[in-house]
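Since we're looking at a predicted model, the values are computed, not measured.
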Amino acid sequence: MHPIRLISFGYLHLPTGPDGSPVPPAADRIEDVRDRLRDPAAARDILDLDGFHPCVQDVVLNTPGARELLANLADYASLPAGPRRIAIGCAGGL
């Protein structure tokens with residue numbers, strides 16, 4: 001298996017194209033999780049923590065649909081001609 005770069009981005013922080021729409025980072029696959037997963041910022045006690053903190057990871061992984069998304073991405077990443085970059089975008093995250 002080859003290395004895969006995961007890119008986390010927030011749609012609210014993206015540059016816009018000539019038509020005014022957001023321009024996501026270059027990636028082989030882009031997952032827009034704004035409508036698929038609950039916003040972890042709703043858990044106010046983790047707002048000052050980053051994604052490496054175990055409390056943030058617990059909130060995200062216990063969000064309905066998160067584990068299924070990760071399993072799907074892992075399956076996709078294991079394809080012989082699989083991706084080099086996967087970008088996951090939420091509303092305001094970085």
Side-chain angles (χ1 to χ4, degrees):
M1 184 185 250
H2 56 274
I4 297 171
R5 181 174 178 212
L6 290 176
I7 304 163
S8 172
F9 69 95
Y11 280 91
L12 296 175
H13 302 285
L14 292 176
T16 54
D19 64 353
S21 64
V23 178
D28 301 304
R29 179 170 172 174
I30 297 174
E31 285 292 329
D32 182 348
V33 298
R34 292 177 290 180
D35 293 327
R36 292 179 62 189
L37 301 177
R38 181 182 67 234
D39 185 355
R44 298 284 180 214
D45 55 330
I46 65 169
L47 284 177
D48 294 328
L49 306 175
D50 64 29
F52 294 107
H53 195 283
C55 289
V56 175
Q57 294 174 13
D58 285 344
V59 168
V60 171
L61 289 174
N62 288 308
T63 298
R67 292 183 189 274
E68 292 82 1
L69 174 61
L70 289 174
N72 180 275
L73 291 174
D75 288 345
Y76 177 67
S78 69
L79 295 172
R84 301 288 180 196
R85 291 180 309 269
I86 296 174
I88 302 173
C90 63
L94 295 173

* To do: Group every Ile, Leu, Val, Met, Phe, Trp and Tyr by side-chain heavy-atom contacts under 4.5 Å, then state whether L37 and I86 land in the same group.
  =>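 Yes, it is one cluster - the side chains of L37 and I86 are joined through contacts under 4.5 Å.
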
* Determine, using the 4.5 Å side-chain heavy-atom cutoff (strictly less than), whether L12 and V33 are members of one ILVMFWY cluster. =>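 Not linked; separate clusters.
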
Between [atom1] on residue [X] and [atom2] on residue [Y], distance to nearest 0.5 Å:
X	Y	atom1	atom2	value
L69	R36	CG	CZ	4.5 Å
D32	F9	CG	CZ	7.0 Å
H13	C90	NE2	SG	8.0 Å

* Asked: Which ILVMFWY residues can you reach from L70 by hopping between side chains whose heavy atoms are under 4.5 Å apart?
  -> L61

Answer yes or no: are there more than 12 heavy-atom neighbours, outside [X] itself, under 6.0 Å from its atom [atom1]?
X	atom1	answer
D48	CG	no
D19	CG	yes
R5	CZ	no

Could you tell me which non-hydrogen atom of [X] sits nearest to which non-hydrogen atom of [Y], and how far apart they are?
X	Y	answer
I4	P83	CG1-O, 3.5 Å
P24	P22	CD-O, 3.4 Å
T16	V23	C-CG2, 3.8 Å
A66	V60	CB-O, 3.2 Å
P25	I7	CG-CG2, 3.9 Å

* Asked: Do the side chains of D45 and C55 get nearer than 4.5 Å, heavy atoms only?
  -> no

* Would you say L73 and I88 make side-chain contact, with heavy atoms under 4.5 Å? ->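 Of all side-chain heavy-atom pairs linking I88 with L73, at least one is under 4.5 Å.
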
* **Backbone N/O of G51 and side chain of Q57: donor-acceptor pair under 3.5 Å** => yes

* Asked: Can any side-chain N or O of R85 pair as donor or acceptor with the backbone N or O of A26 at less than 3.5 Å?
  ->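 Checking the backbone N and O of A26 against the side chain of R85, a donor-acceptor pair under 3.5 Å is found.
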
